[in-house]
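Following: one structure in structure tokens, then a few remarks.
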Amino acid sequence: MPDQHWSELRKRLENLICESLRDRVKFTVTNYRKAHDQLGRAFISVDKNEVFNMCTLTSNNALFEKEEELLNDLQLKYDVFNEEQNCSIQDKAHEIIMTEGVFAQYDFFEAVEQYLNSSMEISLHSNHIIIKILSLIDRRVGKRTLKKIANSIAQEKEIVQYFYHLRCEAEGLENI
């Protein structure tokens, strides 16, 4: 994604952050020019501390390991000529690592696009970790909604719980 597009996208995201977190939460994208695909990582920082990292290299390593694991579990060997099998294994591996909270920079961009083009109701109830995080810090989500979803947050990934509690604390809802 060209820098100009990212700066526009970042502005859109930052405009949606609730007032109580606007100066505390930042989105950053770093591209590694010397990497073969020039991708890098995206991360979310709170109070200048990186709390959620979406690194393409880390994701690719996890994806490769998960593909190997799936092939072994299915007692299959990688077959360069079996495109259908390879795509199926790769898609399943990608789905698994994302549910584990491992994301690449491109996953972040895809999630942001999906988030910006979905209703708040859909985003808030999404199973996608990045979309859920973005919706929890969104200014369109009010205190009543935060209280209403309090019980379901316990079932979420730790990073989602972190952003929920951050938002509640920022809104003065510490007892939730």
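Considering all non-hydrogen atoms of both residues, Ser20 and Glu171 come closest at OG-OE2, 3.0 Å. The shortest heavy-atom contact between Asn31 and Gly40 is OD1-N, 3.9 Å. Across Ile97 and Ala62, no two heavy atoms sit closer than the pair CG2-O, 3.9 Å. A pairwise comparison of heavy atoms in Leu9 and Phe109 identifies CD2-CD2, 4.0 Å as the closest pair. The nearest pair of heavy atoms linking Gly101 to Phe52 is O-CE1, 4.1 Å. Looking at every heavy atom in both residues, Ile17 comes nearest to Arg22 through O-NH2, 2.5 Å.
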For Leu57 and Arg41, run side chain to side chain contact (heavy atoms under 4.5 Å, CB included): C-alpha distance rounded to whole Å, both residues' side-chain angles, the deciding distance at 0.1 Å, then the answer.
CA-CA 8 Å; Leu57 295 174; Arg41 66 189 189 109; over 6 Å; no

Kindly indicate, with the supporting measurements, whether the criterion side chain to side chain contact (heavy atoms under 4.5 Å, CB included) is fulfilled by Val141 and Arg167.
CA-CA 10 Å; Val141 172; Arg167 174 70 188 275; 4.1 Å; yes

Please test His165 against Leu136 for side chain to side chain contact (heavy atoms under 4.5 Å, CB included), starting from the C-alpha separation and ending with a verdict.
CA-CA 9 Å; His165 292 299; Leu136 287 172; over 6 Å; no

Verify side chain to side chain contact (heavy atoms under 4.5 Å, CB included) between Val51 and Leu166, making sure each step is shown before the conclusion.
CA-CA 12 Å; Val51 295; Leu166 176 74; over 6 Å; no

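The hydrophobic cluster containing Val25 also contains Leu173, counting ILVMFWY residues as joined when their side-chain heavy atoms lie under 4.5 angstrom apart, directly or transitively. Note on Phe163 and Leu116: same hydrophobic cluster, where clusters join Ile, Leu, Val, Met, Phe, Trp and Tyr whose side-chain heavy atoms are under 4.5 Å apart, directly or indirectly. The hydrophobic cluster containing Val46 also contains Ile129, counting ILVMFWY residues as joined when their side-chain heavy atoms lie under 4.5 angstrom apart, directly or transitively. Taken together through direct or relayed side-chain contacts under 4.5 Å among Ile, Leu, Val, Met, Phe, Trp and Tyr, Ile122 and Val112 form parts of separate hydrophobic clusters. In the hydrophobic clustering of this structure, Ile159 does not group with Phe43; members are Ile, Leu, Val, Met, Phe, Trp, Tyr whose side-chain heavy atoms approach within less than 4.5 Å, directly or through other members.
At most 12 heavy atoms of other shown residues, nucleotides or ligands fall within 6.0 angstrom of atom CG in Asn127.
How far OG of Ser45 is from CZ of Arg24: 11.5 Å, rounded to the nearest 0.5 Å. The distance from the CD1 atom of Ile133 to the NE2 atom of His128 is 10.0 Å, given to the nearest 0.5 Å. The structure places CD1 of Ile149 at 7.0 Å from OG of Ser135, a figure rounded to the nearest 0.5 Å. Atoms OH and CD, from Tyr115 and Glu113 in turn, are 12.5 Å apart once rounded to the nearest 0.5 Å. Atom CG of Asn60 is separated from atom CD of Glu65 by 11.5 Å, given to the nearest 0.5 angstrom. With rounding to the nearest 0.5 Å, the separation of CZ in Phe27 from CH2 in Trp6 is 7.0 Å.
Between the side chain of Arg139 and the backbone N or O of Glu19, no donor-acceptor pair lies under 3.5 Å. Not a single donor-acceptor pair under 3.5 Å links the side chain of Tyr78 to the backbone N or O of Glu68. Panel note: side chain Asp47, backbone Asn49; no donor-acceptor pair is recorded below 3.5 Å. Between the side chain of Ser59 and the backbone N or O of Cys55 there is no donor-acceptor pair closer than 3.5 Å. With hydrogens and angles ignored, the 3.5 Å screen pairs a side-chain donor or acceptor of Thr56 with a backbone N or O of Gln105. Judged purely by atom type and a 3.5 angstrom limit, Arg10 has no side-chain atom pairing as donor or acceptor with the backbone of Lys26. The backbone N or O of Ala154 lies less than 3.5 Å from a partner atom in the side chain of Gln161, making a donor-acceptor pair.
In this structure, Lys11 does not pair ionically with Glu8, as no charged nitrogen and carboxylate oxygen lie closer than 4.0 Å.
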Side-chain polar contacts of residues 88-96 - donor-acceptor pairs under 3.5 angstrom, sequence neighbours left out - could you list them?
unit_1 : atom_1 : unit_2 : atom_2 : d
His94  : NE2    : Asp107 : OD1    : 3.0
His94  : NE2    : Asp107 : OD2    : 3.4

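No side-chain heavy atom of Lys157 sits less than 4.5 Å from a side-chain heavy atom of Lys132. Using a 4.5 Å heavy-atom threshold, the side chains of Met54 and Ile44 count as touching. Side-chain contact between Ile131 and Leu124 is absent, with no heavy atoms from C-beta onward closer than 4.5 Å.
Sorted by first then second residue, the ring-ring contact (aromatic ring centres under 6.0 Å, His included) pairs that include residues 139-162, not counting sequence neighbours, number zero.
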